[in-house]
Protein chains: 2
Amino acid sequence: MSKAPTPSDGGLSGVSAVTLDFKHQTTVTLAEVAAAAGVGESTVSRVLRNHGSFSKKTRDRVMEAVEQLGYVPNRIAGTLASAGSRLVAFVIPSLSNIVFPDVLRGASSVLEENQHQAVFSVTDYDPEREEALVAAMLAWRPTAVMLAGFEHTQGTLKMLRATGCRVVELLDLDGSPVDLAVGFSNAAAGRVSAEFLLKRGYRRIGYVGHDLERDTRAGKRFGGFCETLGSAGFPLADREIHAGASSVESGRLGLERLLARQPDLDAVYFSNDDMALGGYFHCLARGISIPSQLAIFGYNGLDIGRVTPQPLSTIRTPRVSTGRVAAELVVANAPPQVIDLGFELIEGATT
Amino acid sequence: MSKAPTPSDGGLSGVSAVTLDFKHQTTVTLAEVAAAAGVGESTVSRVLRNHGSFSKKTRDRVMEAVEQLGYVPNRIAGTLASAGSRLVAFVIPSLSNIVFPDVLRGASSVLEENQHQAVFSVTDYDPEREEALVAAMLAWRPTAVMLAGFEHTQGTLKMLRATGCRVVELLDLDGSPVDLAVGFSNAAAGRVSAEFLLKRGYRRIGYVGHDLERDTRAGKRFGGFCETLGSAGFPLADREIHAGASSVESGRLGLERLLARQPDLDAVYFSNDDMALGGYFHCLARGISIPSQLAIFGYNGLDIGRVTPQPLSTIRTPRVSTGRVAAELVVANAPPQVIDLGFELIEGATT
DNA sequence: GTTAATATTGGCAGCGCTGCCAATCAGGAT
DNA sequence: ATCCTGATTGGCAGCGCTGCCAATATTAAC
């Protein structure tokens, strides 16, 4: 963000002079509605939840009182008195990496249709932080907790196994799930990417990636990629790892550095499409012709990669579906299982 | 998403054969901890919340029992018994538009530091849906509700004014807030963009945008932009509006269509950077030289726009700060006010 | 008209935790 | 040893709603 943004002209500035009245907690309760409608509390409860039986006349009177008083049910009390919270907790590594907003998007539509709510918090790829956030989430007695991948602290695993709620591990398949798992194999994605580049005849292949320690799924892709290259007899020529999160800029810088050391690479595999786009822009800016001088391969299948002058070769991952399917399993209270949604290799014009 | 993704090789497929034991709701309660530690319930409560006084010895015994039993406090019960839920509700139009994940990101770090949780739902730019989702959110008695902009249905406004929780309207300043507002003026951003293009000498200016009815903030920018062009005597030459959400692809197609009708435009203003990047890619692909043949101007200041071969001229908006400041105001329970975070014009190489 | 079913309805005990208040305890002053 | 002050502690009444069950109203069947 900018340090000291220019205040927009025409905008109100700083603290407005007009101070609205402070709100007073309006606490219309079920009991008040019942009194106003001249019926019992349980009747109001039944009408509002459309559960059990009541006459049409009663229904109308109750609804009128609800309207009149502006009653808003209190789900905190409702949850405590009954069973499920209908809250689904997401503990995700990041919101900068488009993968996670996509997963949330897929899940939220399903959850909203089923009267559930999504709660989330961001670990910033820190397992300790994840543990603390999972604990905080469990305090809300959610219907389910959704996490990225299988790498968790012992403490997190212990909580997850002890809790009564469902657990869904997302976007990975290379590991053993606590309960449900929805995603695809990152190791396989890495292998498929390597096979593709080899089949197309590339031999001196490099890698530009971001922090593999923290983003373990990127690490698994890298592992599968190197393994395949190695067993084909053409091991990875060199790699350039950016310490922080992935970004277009670090992809660009990473490729620049890598090429400075290894000017004769014929292909580069990137940890994801953001990084790959940065590499692509570097080539455009330097006049490196793609793919004749250098091939570029990414991961994720972002929309933007299909609209660049040369479409990006990449692996398309079912991010939105991952969220959607995970949410569907949870609302259906499906038995423990592992769902492989697969991925798709997109052959663009950069390879 | 892909229709029928190839299952990843090496991944487990479909329903796994191994069925884990179903969970049984482990309900360790405060009372059980108290019994195990040999103290009263209120003592356990005080220790866990680190509130009130208790001896070190008592503290240790309680913590041991908590550890032993794997007790997880129940915030549902806690909230019902005491005051605030420490839940902050976000009702946002979209998760595809990077703006909103950025706002959530800014807010979530502040909220997590202050032991609050973020709940969200997505309206898909539909005011009726927003109303239903706000109602659902209020049922959780959140500390605050955060919404995009000032355009809400009468029903939504009524609920918002009647509720006891704080209301924050984000990313807009052109309207009157219910309670708090944090953002910047979109109309001003449009005006500033137009002034800039005029000052640089552009005269035949076009617009490529997305659905203005639903994205009212984009509509306000467009309004400010046209107004300034008009009063300078160089009214908008033409415009191309894509009916759906903004995307790189629709920016590219939009520019193509616009140029087909108006081949002699000298500059195009886009509804945001995604659209502008699409336009930029179109020019790259068609060999239209930028900015000599055509200038391109965006909105948002995405990182990617700084790394393209020619950095994109745009308006940088404080999206993450908007979320952060909004969260700070809420946790501090600040009085009603309007905060203008401004924006910054970035002069890239596309104008 | 009467009994048996069935449809409606109200009462009330919690759900698990916190806030309030009274009770108990530990030290120090007298 | 006795009293006083402040630190600790436990008991218990709700928070607002739902689930269970008994009570009452309706309608069908005889």
Side-chain angles (χ1 to χ4, degrees), chain A residues 25-63 65-66 69-87 115 136 138-142 163-165, chain B residues 25-63 65-66 69-87 115 136 138-142 163-165:
Chain A
Q25 187 79 32
T26 354
T27 325
V28 181
T29 67
L30 226 203
E32 296 176 58
V33 173
V39 300
E41 293 181 38
S42 11
T43 301
V44 176
S45 177
R46 275 184 297 253
V47 170
L48 290 175
R49 285 178 301 150
N50 193 32
H51 176 277
S53 70
F54 44 82
S55 67
K56 170 124 187 51
K57 190 171 34 173
T58 302
R59 201 195 89 92
D60 293 342
R61 266 202 306 181
V62 168
M63 293 315 273
V66 164
L69 299 173
Y71 172 68
V72 177
N74 184 334
R75 282 192 65 71
I76 302 279
T79 299
L80 182 61
S82 68
S85 66
R86 289 175 167 276
L87 235 31
Q115 288 80 246
L138 291 178
W140 284 101
R141 298 294 187 268
T163 185
C165 79
Chain B
Q25 186 79 32
T26 355
T27 324
V28 182
T29 66
L30 225 203
E32 295 177 58
V33 174
V39 300
E41 292 180 39
S42 13
T43 302
V44 176
S45 176
R46 275 184 297 252
V47 170
L48 289 176
R49 286 177 300 150
N50 193 34
H51 176 275
S53 70
F54 44 81
S55 67
K56 171 128 185 50
K57 190 173 29 169
T58 302
R59 201 194 90 91
D60 293 341
R61 267 201 306 177
V62 169
M63 293 315 271
V66 165
L69 300 173
Y71 172 68
V72 177
N74 183 333
R75 282 192 66 70
I76 301 278
T79 299
L80 183 60
S82 65
S85 65
R86 289 177 167 277
L87 233 34
Q115 289 79 246
L138 290 178
W140 284 101
R141 298 293 186 269
T163 186
C165 79

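None of these values were measured; they are calculated from a predicted model. Chain letters run A, B, ... following the sequence lines, proteins first, then strands; residues in each count from 1.
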For nucleotides 13-17 of chain C, which of its nitrogen or oxygen atoms have a protein nitrogen or oxygen under 3.5 Å away, and what is each distance?
unit_1: C:dC15; atom_1: O2; unit_2: A:Leu80; atom_2: O; d: 3.3
unit_1: C:dC15; atom_1: O2; unit_2: A:Ala81; atom_2: N; d: 3.2
unit_1: C:dG16; atom_1: N2; unit_2: B:Ala77; atom_2: O; d: 3.2
unit_1: C:dC17; atom_1: OP1; unit_2: B:Tyr71; atom_2: OH; d: 2.1
unit_1: C:dC17; atom_1: OP2; unit_2: B:Leu30; atom_2: N; d: 2.4

Subject >> Candidate nucleotides C:dG19, C:dT9, D:dT8, ranked by approach to the side chain of B:Ser42 - the nearest >> reply: C:dG19
Original post:
Where do A:Gly52 and A:Arg46 come nearest, in terms of heavy atoms and distance?
Top reply: CA-CD, 4.2 Å
Subject >> Between D:dT8 (P) and B:His51 (NE2): distance, integer Å >> reply: 15 Å
Original post:
If you look at every heavy atom in A:Phe54 and A:Arg59, which pair is closest and at what distance?
Top reply: CE1-CG, 3.7 Å
Original post:
Can you find an N or O donor on one side and an acceptor on the other, under 3.5 Å apart, linking the side chain of A:Arg46 with the base of C:dG10?
Top reply: yes
Original post:
What is the distance from CZ of A:Arg86 to P of D:dT18, rounded to the nearest Å?
Top reply: 12 Å
**OP:** Measure the shortest side-chain to side-chain distance between A:Asp60 and A:Lys57 over non-hydrogen atoms and say whether it is less than 4.5 angstrom.
**Re:** no
Original post:
At under 4.0 Å, does any side-chain N or O of A:Ser55 touch on OP1 or OP2 of C:dT9?
Top reply: yes
Taking distance alone, no hydrogens or angles, what donor-acceptor pairs closer than 3.5 Å link side-chain atoms of residues 77-84 of chain A to residues at least two apart or in another chain?
unit_1: A:Thr79; atom_1: OG1; unit_2: A:Arg75; atom_2: O; d: 2.6
unit_1: A:Ser82; atom_1: OG; unit_2: A:Gly78; atom_2: O; d: 2.9

**OP:** Find the bend of the helix from C:dG1-D:dC30 to C:dT30-D:dA1 as the angle between its two terminal axes (five pairs each), to the nearest 10°.
**Re:** 40°
Subject >> For the student: nearest non-hydrogen atoms of A:Arg141 and B:Val28, plus distance >> reply: NH2-O, 4.4 Å
Original post:
What is the distance, rounded to the nearest whole Å, between atom NZ of B:Lys57 and atom P of D:dA7?
Top reply: 17 Å
Subject >> Contact summary for A:Leu30 and A:Tyr71, nearest pair of heavy atoms >> reply: N-CE1, 3.6 Å
Original post:
Any side-chain heavy atom of B:Val72 within less than 4.5 Å of one from A:Thr163?
Top reply: no
Original post:
Any side-chain heavy atom of B:Trp140 sitting closer than 4.5 Å to one from B:Ile76?
Top reply: yes
Original post:
Could you state the CZ-C1' distance from A:Arg59 to C:dT9, rounded to the nearest angstrom?
Top reply: 17 Å
